[in-house]
Trainee: 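Please read through the structure below; I'll follow up with questions.
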Amino acid sequence: MNTDALLAAVVALPLVGALLVAACGERRPNLREAVTVVTASLVLALVLRLLWAESETTAALSAPLVLAEPWPGVTIALAVEPLGLLFALVASFLWLVTSLYAIGYMRGHGETNQTRFYAFFAVAISAAMGIAFAANLFTLFLFYEALSIGTFPLVTHAGTAEARRAGRAYLGILLGTSIGFFLLALVWTWAIAGTLDFTAGGVLAGRASPFAASALLVLFLFGIGKAGLMPFHRWLPAAMVAPTPVSALLHAKAGVFTVLKICVYIFGADFLSQVPAREVMMYVAAATVLLASLVALRKDNLKVRLAYSTVSQLSYVVLGALLANSPGFIGGGMHILMHAFGKITLFFCAGAILVATHKTEVSDMRGLGRAMPVTMGAFFIASLSIIGLPPGGGLWSKWLLALASVEAGEFVLLATLLLSSLLNIAYLLPVPLRAFFGKGEGRDVGLREAPGFCLAAIAVTTAGCVALFIWPDAAQRLLSAMGGVQ
């Protein structure tokens, strides 16, 4: 298959899988789950083939595959570029792992409407692939909206009043910001630049005035609500009522990926560094890093604590993008990868605890490490990665972001990153320490590990955290090939 065929297939195949899952229905769960796993495996294989094709070319952006042209000069098109390829690899690999985890979780927790869950999960991955390989802003916007709408049934899966309220907050914030701000920025970019194509070095340099560039930057950053910048972050904690595999889904990473892609290919590093509003927005991101960490400290519900941790960690990527230098862009891209593996492991562990013990509060987890040593050991390793300590891959992305802060002369932001890591220690490590050393329930009351599918998925993502610590070079080389990154 050539690149065009691969691009079309990687977006279309999850939709085919969703239809097949729906056709299986609730009466054939084994076939339904087999279809999910096979589809996820095929999508990962296609993305790996695209990676192989990318290694054979030196172009930062491939020639686009045009699917449609709704208006003259405005196309729906797909293209391969290094940042998008990395995001697609993360999304497709973790879809496969999450599918295995979901088999154990959904059955073990006795969830209803499992066919709907697997079908919309596949729809969401199709949208994520579209975001990853979007060749221009218009295509990115369409798939971004499709991801928001496609994940709504996942957030409201439980069907309770709480789930419906969370769904309204989720969709209201994400659609409100994207239509109110992101769409306006898209139209304004078209008016200024005459193009929406992602271009190495950006398209706004020499065309946008300082005022227009500042306004566009603010509109993009707040319009991409999935990036979780305060005050448009509340959708993420609200969405924690969803099943744990949904909580671990990569739609949050899609937000910061979008921010980074726009900074690299619409603004460009040289022009972005001269935008007056950049400094202000860096401090908005820094405030989000610290404030969300402080809120996480106060949350006893484990999933909500992890949600606020995610809000904080996403702003690391925004900071990397706004530092507008090579270590910042590469460090931001690597943090998407490192955080994806670390945080999905933590959510997997939270779900395993729920399935095995029905516990959700950190204060109730004393002594669980004696009954669930694999789960709590994995939680400890993933916590180290999020903190930025060996043997977790998060060390390298945080190191690059720290270097980017020094290179840009932003020592307040460097202090923010260091203080945030201390706060990470304060709200993450008490969980495994309480579980292993606290007095409480354990083997003597019959508690045990979660189902085997859950443990297998946890083992894979934990191994991923360690592997990324040992072998970070491949991701760094791939991101170094981004257009405009020297």
Side-chain angles (χ1 to χ4, degrees), residues 11 67-71 73-77 120 123-124 126-132 134-156 164-198 203-204 208 211-239 242 249-263 265-267 277 281 284-285 288 311 314-315 318 321:
V11 175
L67 304 175
E69 189 172 3
W71 296 278
V74 178
T75 62
I76 301 172
F120 277 102
V123 170
S126 174
M129 293 296 106
I131 289 171
N136 56 58
L137 263 180
F138 181 68
T139 305
L140 179 57
F141 178 81
L142 291 181
F143 281 109
Y144 179 96
E145 297 294 77
L147 183 59
S148 298
I149 296 168
T151 49
F152 175 76
L154 299 174
V155 173
T156 60
R164 289 193 294 271
R165 283 196 303 272
R168 288 193 294 270
Y170 174 85
L171 209 56
I173 292 173
L174 293 183
L175 290 185
T177 53
S178 64
I179 294 173
F181 301 145
F182 190 177
L183 182 58
L184 176 59
L186 183 154
V187 174
W188 198 351
T189 299
W190 168 258
I192 291 173
T195 181
L196 298 175
D197 291 344
F198 293 125
V203 299
L204 294 175
F211 170 79
S214 292
L216 282 172
L217 184 63
V218 173
L219 288 171
F220 276 125
L221 292 180
F222 285 137
I224 302 167
K226 290 186 180 70
L229 279 179
M230 290 183 172
F232 301 109
H233 68 288
R234 296 185 63 84
W235 64 271
L236 208 161
L249 194 63
L250 295 180
H251 59 272
K253 312 301 182 297
V256 288
F257 164 78
T258 300
V259 168
L260 189 54
K261 191 158 184 171
I262 287 172
C263 287
Y265 293 114
I266 295 298
F267 285 88
M281 296 309 298
V284 171
T288 301
V311 172
L314 293 179
S315 282
V318 178

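When reading the values below, keep in mind they use all heavy atoms of this one structure, side chains included, and skip hydrogens, waters and symmetry mates.
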Trainee: Side-chain contact test, heavy atoms from C-beta onward, threshold under 4.5 Å: evaluate it for Leu236 versus Tyr170 and give yes or no.
Mentor: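 The answer is no; the side chains never approach within 4.5 Å.
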
Trainee: Less than 4.5 Å apart, any side-chain heavy atom of Met281 and any of Val218?
Mentor: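 Result yes, sub-4.5 Å side-chain heavy-atom pair found.
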
Trainee: Could you tell me the separation between the CD1 atom of Ile262 and the CG atom of Leu221, rounded to the nearest 0.5 Å?
Mentor: 8.5 Å

Trainee: Compare every heavy atom of Ser126 with every heavy atom of Val11, then report the nearest pair and how far apart it is.
Mentor: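 Minimum heavy-atom contact is O-OG, 2.7 Å.
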
Trainee: Should Lys226 and Ser148 count as side-chain neighbours, where that means a heavy-atom distance under 4.5 Å?
Mentor: yes

Trainee: Does a side-chain heavy-atom distance below 4.5 Å link Pro70 with Ile76?
Mentor: yes

Trainee: Between Phe198 and Leu140, is a side-chain contact (heavy atoms from CB on, under 4.5 Å) present by the stated rule, with each step listed?
Mentor: CA-CA 10 Å; Phe198 293 125; Leu140 179 57; 3.7 Å; yes

Trainee: What heavy-atom pair brings Thr288 and Ser315 nearest, and what distance separates the two atoms?
Mentor: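 Nearest pair, atom of Thr288 first, then Ser315: CG2-OG, 3.2 Å.
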
Trainee: Does a side-chain heavy-atom distance below 4.5 Å link Ile192 with Trp188?
Mentor: yes

Trainee: Could you check whether atom CZ of Phe182 has more than 12 heavy atoms from other residues, nucleotides or ligands sitting under 6.0 Å from it?
Mentor: yes

Trainee: Would you say the side chain of Ile131 lies within less than 4.5 Å of the side chain of Phe257, judging by non-hydrogen atoms?
Mentor: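 Yes, at least one pair of side-chain atoms sits under 4.5 Å.
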
Trainee: With a 4.5 Å cut-off on side-chain heavy atoms, are Tyr265 and Val203 touching?
Mentor: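 Of all side-chain heavy-atom pairs linking Tyr265 with Val203, none is under 4.5 Å.
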
Trainee: If you measure from CG on Leu196 to OG1 on Thr189, what distance do you get to the nearest 0.5 Å?
Mentor: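 Answer for the CG-OG1 pair, Leu196 versus Thr189, is 7.0 Å.
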
Trainee: First locate atom CZ of Phe232, then atom CD1 of Ile173, and finally report the distance between them rounded to the nearest 0.5 Å.
Mentor: 8.5 Å

Trainee: Which heavy atom of Ala124 sits nearest to which heavy atom of Thr151, and what is that distance?
Mentor: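 What the structure gives for the nearest pair is CB-CG2, 3.8 Å.
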
Trainee: As a quick check of understanding, evaluate side-chain contact (heavy atoms from CB on, under 4.5 Å) for Phe222 and Thr177, giving each step before the final call.
Mentor: CA-CA 7 Å; Phe222 285 137; Thr177 53; 6.0 Å; no

Trainee: Please report the closest heavy-atom contact between Ser178 and Tyr144, naming both atoms and the distance.
Mentor: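 That would be CB-CE2, 3.8 Å.
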
Trainee: Quick check: closest heavy atoms across Met230 and Val284, and the distance to 0.1 Å?
Mentor: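 Shortest heavy-atom separation between Met230 and Val284 comes out as O-CG1, 3.9 Å.
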
Trainee: What verdict does the side-chain contact (heavy atoms from CB on, under 4.5 Å) test give for Phe181 and Phe220, after you've listed the backbone C-alpha separation in whole Å, the side-chain angles of each residue and the deciding distance to 0.1 Å?
Mentor: CA-CA 7 Å; Phe181 301 145; Phe220 276 125; over 6 Å; no

Trainee: Begin from the C-alpha positions of Trp71 and Phe138 and carry the test ring-ring contact (aromatic ring centres under 6.0 Å, His included) through to its verdict.
Mentor: CA-CA 11 Å; Trp71 296 278; Phe138 181 68; 5.7 Å; yes

Trainee: Go through Ile179 and Glu145 one step at a time and tell me if the side-chain contact (heavy atoms from CB on, under 4.5 Å) criterion holds.
Mentor: CA-CA 9 Å; Ile179 294 173; Glu145 297 294 77; 3.7 Å; yes

Trainee: Donor-acceptor pair, Thr139 side chain versus Ala134 backbone, under 3.5 Å?
Mentor: no

Trainee: I'd like to check the side chain to side chain contact (heavy atoms under 4.5 Å, CB included) partners of Thr156; sequence neighbours left out, ordered by chain and number.
Mentor: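 Per chain and number, Thr156 pairs via side chain to side chain contact (heavy atoms under 4.5 Å, CB included) with Phe152.
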
Trainee: Is there side-chain contact between Leu314 and Lys253, with at least one heavy-atom pair below 4.5 Å?
Mentor: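 Yes, side chains in contact.
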
Trainee: Specify the closest pair of heavy atoms between Ala321 and Cys263, including all atoms of both residues, with the distance to one decimal.
Mentor: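 Minimum heavy-atom separation between Ala321 and Cys263: CB-SG, 3.8 Å.
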
Trainee: Let me confirm one number: the CD1-CG distance from Ile266 to Asn136, rounded to the nearest 0.5 Å.
Mentor: 8.5 Å

Trainee: Among Val318, Leu229, Ile224, whose side-chain contact (heavy atoms from CB on, under 4.5 Å) with Val256 holds?
Mentor: Val318

